[in-house]
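Keep in mind it's a predicted model, so treat the numbers as computed, not measured. Positions are given from 1 along the sequence.
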Amino acid sequence: MPRNLHHLKPIAAVVGSLALAATLTACGGASSASDAKVVTVYSADGLKGENGDGWYDQVFKDFEKQTGIKVKYVEGGSGEMVQRAVREKTNPQADVLVTLPPFIQQADGKGLLQKYTPKGSDQVAGGDKAADATWTCVVNNYFGFVYDKKELKQAPTTWEELLDARYKNKLQYSTPGVAGDGTAVLVKAIHDFGGREQALAYLKKLQANNVGPSASTGKLAPKVDKGELLVANGDVQMNYAQSKDMPNLGIWFPKATDKAADAAGKPTTFALPYAAGLVTKAPHSENGRKLLDFMLTAKAQQQVSEIGGGFSARKDVKATDANAIALTKLMDGVALFEPDWADIDKNLTSYVEDWKTATGS
C-alpha cells in the first residue's frame with residue numbers, strides 16, 4: 001500500500017545491459033532490443049528493504065541468478081507510477097507495473113496492461129486478480145496507521161482522538177490521488193464514517209493538525225520513529241518491515257463510528273494488495289512474463305512473510321514463520337471490509353477533488 005516524481009529512485013540500474021539494449025535497438029530495431037537480458041519494473045514502494053533486505057531484494061537477486069536477466073527498478077507513489085507509464089505509452093519503458101488499488105484498475109482502464117496469466121495465479125483468489133488477466137496480486141497487504149510507541153504509551157483507537165491539540169503538527173498522511181496509501185485514508189474514512197460527506201467533514205477538521213501533503217508514505221514512518229510525528233498513515237506490510245529497524249514504530253487501526261453499521265466500534269481495515277501486470281507493448285515482454293511467473297512461485301511466496309513482512313498472494317502457501325505468526329496476531333480482532341474498487345476507480349477524480357476542496361489542499 002510510498003512518492004513524488006522528483007524523488008523517483010532508479011535502483012540497481014544495469015548500465016551494461018542497458019547500453020547493450022541501446023546498441024541492439026540501433027542495429028536491429030525494437031525486436032532485437034526485446035532479446036536484451038534486462039527487465040524494467042515500475043513499482044509502488046514498500047517491497048524493497050531500507051537496507052537491501054526486502055522481498056524485492058531477495059526475489060530480484062534469485063531471479064537474476066536463475067535467469068541471467070537483470071532487473072532495473074524504479075519506485076514511487078502508486079498514482080505517479082501509473083502517470084509515468086501513461087506519459088510513456090507511445091514509447092513504453094517499463095515491462096512490469098506493480099501498484100496498489102485503485103491505481104492498478106486505473107492502469108488497466110487506460111490500456112497500460114496486456115493480458116497475461118502468470119504461472120501460479122490459479123492459486124490467487126478471484127478478487128485478487130483481474131477477470132481479464134491483465135493483473136494479479138503478488139503480495140497481499142492491508143491498510144493501517146503507525147504511531148510513536150515511545151511518545152504515546154498506548155496507540156490511539158479512534159479517528160476523533162486525532163483531533164486533539166496534542167497532535168497539532170505531529171500528524172501527517174500521504175496525498176490521496178498520488179499515493180496508494182494516501183488514497184486509502186480517504187477510502188477508510190468514507191467507510192468508517194458511513195459516507196463521503198461525513199468523512200470529508202472530519203478530514204476538514206483534521207487539517208488543523210495535519211503537517212501537510214506528502215507524496216511518499218514510505219517517508220512518514222521514519223519521522224514517526226524519530227518522534228517528529230506522533231501518527232501517520234501506512235500499510236501493514238511496509239510498516240511491519242520498517243519496524244525491524246525502527247523500534248518506536250507501532251501499527252494501529254482506527255475504529256469505525258456508529259455510522260458504519262457493519263463494523264461499529266471495531267477497528268477496521270481492508271486489503272490493499274500489491275498488484276502486478278505486464279505493460280502493453282513492453283520492450284522486454286518475455287522477460288516481464290518470466291518475472292511475473294517467478295514472483296508467484298511457491299518459494300517466492302513463502303518469502304513474502306519471512307522476508308517481506310507481508311501476506312502471500314497464494315492460497316496454497318501457508319506461512320508459519322515468526323513474522324507470519326506476529327502478523328496474524330496483529331490482525332486479530334480487526335474487522336475487514338471490501339471497498340468497491342470499480343466505483344472508486346470510476347469516481348477517483350471527484351473523490352480527490354472533493355478532498356482538496358474540503359481540506360484546502
Problem set entry | side chain to side chain contact (heavy atoms under 4.5 Å, CB included) between Asn233 and Phe143, intermediate numbers included | CA-CA 8 Å; Asn233 68 311; Phe143 175 70; 4.2 Å; yes
Problem set entry | Within 6.0 Å of NZ in Lys315, more than 12 heavy atoms from elsewhere | yes
Exercise. Is any side-chain heavy atom of Phe103 closer than 4.5 Å to a side-chain heavy atom of Thr183?
Worked result: yes
Exercise. Looking at Asp354 and Arg196, does any basic side-chain N land under 4.0 Å from a carboxylate oxygen?
Worked result: yes
For this session: Answer yes or no: are there more than 12 heavy-atom neighbours, outside Glu161 itself, under 6.0 Å from its atom CD?
Result: yes
Problem set entry | Verdict with reasoning, Lys70 to Phe60, per side chain to side chain contact (heavy atoms under 4.5 Å, CB included) | CA-CA 8 Å; Lys70 298 293 184 180; Phe60 292 168; over 6 Å; no
Exercise. Using a distance-only test with no angle check, is there a side-chain donor-acceptor pair under 3.5 angstrom linking Tyr142 and Asp235?
Worked result: no
For this session: Identify, with sequence neighbours excluded, every residue that meets side chain to side chain contact (heavy atoms under 4.5 Å, CB included) alongside Thr117.
Result: Ser121, Ala133
Exercise. Who passes ring-ring contact (aromatic ring centres under 6.0 Å, His included) against Phe253, sequence neighbours left out?
Worked result: none
For this session: Would you confirm whether the ring centroid of Trp159 sits within less than 6.0 angstrom of the ring centroid of Phe145?
Result: yes
Problem set entry | Val41 side chain reached by Val98 side chain, heavy atoms, under 4.5 Å | yes
Exercise. Looking at Lys290 and Glu286, does any basic side-chain N land under 4.0 Å from a carboxylate oxygen?
Worked result: no
Problem set entry | Pairwise side-chain contact, Asp128 with Thr136, heavy-atom cut-off 4.5 Å (strictly under) | no
For this session: Salt-bridge test for Lys150 and Asp148: reply yes if a basic N is under 4.0 Å from a carboxylate O, no otherwise.
Result: no
Exercise. Salt bridge check: are Lys48 and Asp57 linked by an N-O gap of less than 4.0 Å?
Worked result: yes
For this session: Test Trp135 against Thr99 for side chain to side chain contact (heavy atoms under 4.5 Å, CB included), laying out the working first.
Result: CA-CA 10 Å; Trp135 58 265; Thr99 188; over 6 Å; no
Exercise. Hey, are the side chains of Leu296 and Val124 touching, using non-hydrogen atoms and a 4.5 Å cut-off?
Worked result: yes
Problem set entry | Within one Ile-Leu-Val-Met-Phe-Trp-Tyr cluster: Phe337 and Tyr202, side-chain cutoff 4.5 Å | yes
